[in-house]
Undergrad: 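The structure follows.
Numbers for residues simply follow the sequence, beginning at 1. Keep in mind that the numbers below use all heavy atoms, side chains included, and drop hydrogens, waters and symmetry copies. Start at 1 and go down the list; that is how both ligands and their atoms are numbered.
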Amino acid sequence: MHIQFSQSRPQGARLIAHVVDKGKLPAATNAAMRAGAEAARFKGTAGQTFDGFVETDGGVARLALAGAGDKNDEARLANLEKAGAALAGKYQSTGDKQLVLDLSESDLTAIEAAHVLLGLRLRNWRYDIYRTKLKDEQKITLESVTVVGAPEGIEGAWAHAAALAEGVEFTRELVTEPANVIYPESFVARCMERFEDTGAELIVLDEAQMEEMGMGSLLGVGQGSTRESRILAIRWNGGGSEAPVAFVGKGVTFDTGGISIKPGPGMEDMKWDMGGAGAVAGGMLALVKRKAKANVVGVMGLVENMPDGNAQRPGDVVKSMNGQTIEILNTDAEGRLVLADALHWTQEEFQPSRVVDFATLTGAIIISLGNEYAGLFSNDDQLSKELSEAGEAVGDKVWRMPLGKAYDKLIDSPIADMKNIGGKGAGSITAAQFLQRFIADDTPWAHIDIAGMAWSDKPGRTWGKGATGYGVRLIDRLIADTAEG
Ligand code: BES
Ligand code: MN
Ligand code: ZN
């Protein structure tokens, strides 16, 4: 979506929108519209919309009102995003190509106005490349927003928000693509394209290199697939000489469960089992595009989990890069196996100051937290607090869950150092305990289980049905708040 700023309203504008604080209709509305708004009980609460037609410059234009709620609401920025998103949701398929956002009567700051635009752009995103038979009225027609009367400083504020939007959209694209299109090698290729000429450094490990390093845990998962496994690292050095912050993502490009195969209904959802890697790729893109003043590395463990004559079996014992042995009791508990080697390699290779991993790791976290909060597991109170605050600020919310020795014991194995599943209870926690066995004691680490967050069955705050882009804004905010200046 194209966003531009203009001094005056473009000639012949047919769709003109105003952001309305609760109880304050703009002067541009006429008596009929004011009566209509009252009759429709339009009050300007966040995300509420109302429209009517007015005569302007010799023509007739649709005047759209988007509610932004109470000016003093502590969720002001989120409410402004809702207002922008509501406009996109309502007018994206009306046939109007251009929306004029008239801010000349509003007293929004540049940052506030940028949030309206962010909501508009994010909610307008949809991935229709495979829908070749859409009728005209089903297509997204809204292409551009012209902002009139924007506050001073809008260009800078929007540049930051636009980088964020690019990151979120890239994550959504990766997550939405089917698994015959996005598999480990093509995931890498798409990142290569996207990061070309950005100043980021991309490092790729192929199977021979991972074999050499002893990554038996990750490689075992990909063993049944004809698609080769990969590790991708994206490095951004925008800071001084300090150690980087590392983000690590689970990138299972399709999870059939392997020999412990999943039931058929709903299995198609497992195309988005690379949502953690998608969040890391998009988060890195946002940071790189806005030239973040920090050192950051994003590492993605990319594999496909398939049943096959060569697939790993329940009962197999594999060895991870750091020499620990793992008894595979369920080949569907594969994400932790991928992350084990990816996490260890990340610590060895980059000596990060902190490690945060994102993974669609367990169905159990959806039982615990539904689709409102991702599960946060951490060995560090400070990092937990920073992530919780960042998440609250941008809407990518996390809820801390416990870790502890008693849970750790549940993954001891009689034949190897550990087994890859616990018992019946606490499935998300035993998964996190497994990961912790691959984290050095003195490395602040957090694991974020996003199984309930990467995909949405219904439209939400700034997304339609489908990939949400969860994690990108959390990554961006954590870096902005804790690693830059
Ligand atoms: N990718 C799944 C977890 C998942 C489930 C993500 C639903 C999104 C929606 C993961 O690899 C998995 O299969 N986990 C198993 C673990 C079990 C075998 C211990 C699960 O959650 O059932
Ligand atoms: Mn699985
Ligand atoms: Zn999985």
Side-chain angles (χ1 to χ4, degrees), residues 175-176 179 182-184 187 217-218 220-225 227 229 248-279 300-308 311-316 326-342 357-375 377 401 407 410-411 413 418-435 447-457 466-468 470-471:
V175 168
T176 306
I182 286 292
Y183 44 90
F187 186 109
S217 183
L218 183 151
V221 176
Q223 199 176 291
S225 173
R227 306 295 192 187
S229 303
V248 179
K250 167 180 172 181
V252 176
T253 57
F254 197 77
D255 180 15
T256 62
I259 296 299
S260 314
I261 197 163
K262 288 180 180 296
M267 199 199 275
E268 66 278 5
D269 282 352
M270 288 299 106
K271 74 170 183 180
W272 49 265
D273 208 18
M274 35 54 70
M300 289 140 276
L302 302 165
V303 305
E304 183 179 58
N305 188 22
M306 296 291 268
D308 178 73
Q312 75 181 347
R313 294 150 289 258
D316 282 5
I326 305 157
E327 181 189 14
I328 310 294
L329 285 182
N330 188 324
T331 64
D332 196 13
E334 85 298 337
R336 62 201 74 182
L337 298 168
V338 173
L339 287 172
D341 281 331
D357 77 69
F358 288 84
T360 49
L361 204 61
T362 66
I365 201 69
I366 310 177
I367 306 292
S368 303
L369 299 172
N371 312 105
E372 292 302 319
Y373 287 85
F377 303 81
M401 305 279 285
Y407 291 117
L410 299 175
I411 54 168
S413 157
M418 68 195 88
K419 52 188 181 184
N420 79 327
I421 54 171
K424 253 194 162 45
S428 305
I429 307 176
T430 49
Q433 291 295 161
F434 184 97
L435 300 182
H447 155 58
I448 302 181
D449 193 335
I450 64 168
M453 307 307 289
W455 192 266
S456 178
D457 293 335
T468 61
Y470 181 96

Undergrad: Within ligand 1, which atoms have a heavy atom of Thr362 less than 4.0 Å away?
TA: 3 (C), 21 (O)
Undergrad: Using non-hydrogen atoms of the residue, decide whether Asp269 is closer than 4.0 angstrom to ligand 1.
TA: no
Undergrad: Measuring from atom 14 (N) of ligand 1, which candidate in Leu361, Val221, Val338 has the nearest non-hydrogen atom?
TA: Leu361
Undergrad: Of all N/O/S atoms in Asp273, which lies nearest to the Zn ion (ligand 3)?
TA: OD2
Undergrad: What are the atoms of ligand 1, with element, lying closer than 4.0 Å to any heavy atom of Asp255?
TA: 1 (N), 2 (C), 10 (C), 11 (O), 13 (O)
Undergrad: Do the charged groups of Asp357 and Lys250 touch, with an N to O distance under 4.0 Å?
TA: no
Undergrad: Evaluate the 4.0 Å heavy atom contact test for atom 22 (O) of ligand 1: does a protein atom fall under the cut-off?
TA: no
Undergrad: From the N, O or S atoms in Asp255, identify the one nearest to the Mn ion (ligand 2).
TA: OD2
Undergrad: Which ligand 1 atoms are under 4.0 Å away from a heavy-atom of Met270?
TA: 1 (N), 6 (C), 7 (C), 8 (C), 9 (C)
Undergrad: What atom name does the N, O or S atom of Glu334 nearest to the Mn ion (ligand 2) carry?
TA: OE1
Undergrad: State the atom name: nearest N, O or S atom of Asp255 to the Zn ion (ligand 3).
TA: OD2
Undergrad: Using heavy-atom distances, let me know which of Arg336, Met274, Lys262, Glu334 sits nearest atom 16 (C) of ligand 1.
TA: Arg336
Undergrad: In terms of atom number and element, which parts of ligand 1 are under 4.0 angstrom from non-hydrogen atoms of Lys250?
TA: 1 (N), 10 (C), 11 (O)
Undergrad: Would you mind finding which of Trp272, Phe254, Trp455 brings a heavy atom closest to atom 8 (C) of ligand 1?
TA: Trp272
